[in-house]
Every structure is written in C-alpha cells, then in structure tokens.
Amino acid sequence: MTLAMLAACNRQPATPAPASQAAPPDTTTTTASATTSHASAQATQSSTAGHAVKESTDAYEFSYSWPAAADAQPALRARLAADEAAQRATLKHDAEQGQKEAARDKYPFHAFGHWQEWQVVADLPDWLSLSSLVGNDSGGAHPNYGYAAILWDKRAGQARNALDLFTARAALTGAIHADFCKALDAQRAKKRGGHASLGGDSGFDACVDPLAQTVILGSRGKKAFDRIGFLIAPYEAGPYAEGSYEVTLPVTPAVLAAVKPEWRGAFAVQ
C-alpha cells in the first residue's frame, strides 16, 4: 500500500492515516490513505486540541504532534513531550554538525528533517492505541521513514508492548502467519503489476516476519481489540520505490487463544 509517499515539494514524507476503528465492516485487510497533513505552525497544548509544533530553520525542519486523546492522559503526554524534546535535540545537533562538514568539505548542505505525527488507531475505555509515521532526512538522496507505536493502558497509566499481551511469539505467529503472508503478497502483486515470483524464499519475494514489524492493535467494534495490524517500512518487504506496506488482520479464535488469560477481556473475535 502507499502509506507514505514522499512529498517532493519539501522532501517531507506524507503522513498516513492509521489503521483506524472506522474501517468498512466487511474488510479484513485495509490500506490506509496517504495525506500531506502535518503539524500546524503554532504549538497547542490542551486536552481538547492535542499538541502540535513545527520549527523551521536554515539547518533543519522539525514537526511533532499528538492527538487530543493522548493529551488527555497526563503520563502519556509527559512521555510524548520528553520524546519530542529528545528528537528535536538530536536533530539540531546532527544538522549543525552536517552544516559544519558541508562548509569544511565545500559541498551543498541540504536541511535535515524530522517529522512525526501520532494518530489514534483505537480509543477504548481502558486502552489507547497510537501509531506514528516517523520521517527523517539527513541530507541524503531522499528522506527515510519508519513507524512507531504506543499501546497505552489507561487504568495502569503506562505503556505496554503489544506483543507482551500474548503468551508467546510463536503462538501468535502460528495464528496469523499464513493469512499475513497471503495479504502481503496480494499487495505486492498489485504494486508490481503481477510481474513477481511471490512466495519465494529470498529477496523481496519472500514473506517477512510479521512480529519484526511495528505491531498495532485496532478496533472496528470500538469496544475491544478485534484486529491486529502490521506496519512495514520500505526495504522490509520491497524496494524503496514500492513504499511501505500495511497488513491488517481480524482477531480470530486462534489469535484470541494466543492472548494471555489476564488480557483476553481486552480482545474480541471479529
């Protein structure tokens, strides 16, 4: 799918819509659409408006935002604010070093960049699932991007790793591997116009490990997690020109059986 096409006008990667809880009820694999929305020029900080900041200098461009649902959780808001500060500091340092090296070695300097927008995947009574496209530009031929996810336990006031809700990686892999590979290859075939030897054992024809990707939990019914998504960055399942992939699968009885007993109440078979 085209989760993140590069915006040629400013080298900034477009921001995808997350695998949200508003997907069509008869769809088991979804493709998020790409947009070019990014943080606004002014920073905001409130539980109704969320938070967005954008900064542009001769050395770098920086934007970072999170939605109102995340802003309403104080501990999560503090976590995101700390990450924003760390990302900005790293970008500023690296960009200034890049400027110095360009001046010293007499080659053109291209502004560095970091763009990150957290979006809601699912907002449930006890859980908030977020995903983020993370774009970085270090002055090379093109920006690079990947993904991040936060699964926030509202009752405990802490983040949890989505995979920690399952009994074992092998159990979850066994429950979803065949469907994941089938869905991935269907998207590959569409991007490649049918000219590929899919299902091979090597290169970009082989399936990838779904649990090595960014795993997100979603909800169509808006009451419990009833689907599981996998965000796959460029170079993982195909060349850079193919962009990223996303596979979204329903929570089946086999997936539910792989959930730890103490967390099964947070899931529902779709």
Side-chain angles (χ1 to χ4, degrees), residues 1-5 7 12-24 30-55 61-88 91 113-136 145-162 165 214-231 233 244 246 248 266:
M1 55 165 262
T2 56
L3 264 176
M5 300 299 291
Q12 180 173 326
T15 302
S20 70
Q21 48 209 36
T30 62
T31 299
S33 62
T35 71
T36 56
S37 62
H38 273 280
S40 64
Q42 295 182 339
T44 61
Q45 182 69 59
S46 74
S47 60
T48 57
H51 170 91
V53 64
K54 184 173 183 179
E55 182 179 354
E61 292 184 6
F62 177 82
S63 67
Y64 197 105
S65 66
W66 59 78
D71 209 48
Q73 304 293 319
L76 176 56
R77 182 172 66 239
R79 175 191 175 112
L80 292 172
D83 183 58
E84 177 191 303
Q87 297 292 351
R88 182 194 282 108
L91 175 64
H114 180 93
W115 308 279
Q116 188 162 0
E117 179 182 3
W118 288 98
Q119 298 184 24
V120 174
V121 178
D123 188 359
L124 306 179
D126 294 332
W127 298 90
L128 179 61
S129 177
L130 302 174
S131 68
S132 175
L133 177 74
V134 185
N136 289 287
Y145 57 96
Y147 297 96
I150 294 176
L151 180 62
W152 191 255
D153 183 335
K154 294 181 182 179
R155 290 191 297 177
Q158 68 180 72
R160 299 191 184 278
N161 187 320
L165 275 59
T214 299
V215 179
I216 56 175
L217 299 179
S219 178
R220 177 173 296 146
K222 301 182 182 180
K223 295 181 179 180
F225 295 126
D226 53 29
R227 56 185 184 162
I228 182 168
F230 307 89
L231 305 179
S244 56
E246 178 184 342
T248 304

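Everything numeric in this text was worked out from a predicted model, so none of it was measured.
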Minimum heavy-atom separation for Ala266 and Trp127, please, with both atom names.
CB-NE1, 3.6 Å
Taking NZ, NE, NH1 and NH2 as the nitrogens, is one of them in Arg160 or Asp153 under 4.0 Å from a carboxylate oxygen of the other?
yes
Would you say that Leu130 contacts Val120 through its side chain, given a criterion of any heavy-atom pair below 4.5 Å between the two side chains?
yes
Residue set satisfying side-chain hydrogen bond (donor to acceptor under 3.5 Å, both in side chains) with Glu55, at least two apart, ordered chain then number -> Tyr60, Arg88
So, taking the atom named CZ in Phe225 and the one named CD1 in Ile216, what distance separates them when rounded to the nearest 0.5 Å?
10.5 Å
Looking at every non-hydrogen atom in both residues, tell me the closest pair between Asp83 and Tyr64 and how far apart they are.
OD2-OH, 2.6 Å
Between Lys54 and Ser65 (side chain of the first, backbone of the second, donor and acceptor by atom type, cut-off under 3.5 Å), is there such a pair?
no
Would you say Val53 and Phe62 make side-chain contact, with heavy atoms under 4.5 Å?
yes
For Gly157 versus Ala75, what's the shortest heavy-atom pair and its separation?
O-CB, 3.9 Å
Supply the atom-to-atom distance Asn136 CG to Leu91 CG, rounded to the nearest 0.5 angstrom.
8.0 Å
Heavy-atom closest pair, residues Leu80 and Ala70
CD1-CB, 3.9 Å
Are a donor atom and an acceptor atom from the side chains of Ser63 and Glu61 found within less than 3.5 Å of each other?
no
Polar side-chain atom of Ser219 near backbone of Ala122 as donor-acceptor pair, under 3.5 Å
no
Between Leu76 and Trp152 the two heavy atoms that sit nearest each other are N-CZ2, 3.4 Å
Working to the nearest 0.5 Å, report the span between OG1 of Thr214 and OH of Tyr147.
8.5 Å
CA sep, side-chain torsions, deciding dist, call: Glu246, Thr248, side-chain hydrogen bond (donor to acceptor under 3.5 Å, both in side chains):
CA-CA 7 Å; Glu246 178 184 342; Thr248 304; 3.1 Å; yes
Can you check whether Arg155's main-chain N or O pairs, donor with acceptor, with Asp126's side chain at less than 3.5 Å?
no
Is the closest side-chain heavy-atom distance between Ile150 and Ser132 below 4.5 Å?
no
Rounded to the nearest 0.5 Å, what separation is found between the CG atom of Leu124 and the NZ atom of Lys223?
11.5 Å
Answer yes or no: is there a side-chain heavy-atom contact under 4.5 Å between Asp123 and Lys154?
yes
Looking only at heavy atoms, the pair that brings Ser131 and Val121 closest together is OG-CG2, 3.5 Å
Which of Gln116, His51, His114 passes side chain to side chain donor-acceptor pair (under 3.5 Å) with Glu84? Answer is His51
Verdict with supporting geometry, Tyr145 and Val134, side-chain contact (heavy atoms from CB on, under 4.5 Å)
CA-CA 5 Å; Tyr145 57 96; Val134 185; over 6 Å; no
Heavy-atom side-chain contact between Phe230 and Val215 under 4.5 Å:
yes
Which residues share a side-chain hydrogen bond (donor to acceptor under 3.5 Å, both in side chains) with Gln73, sequence neighbours left out
none
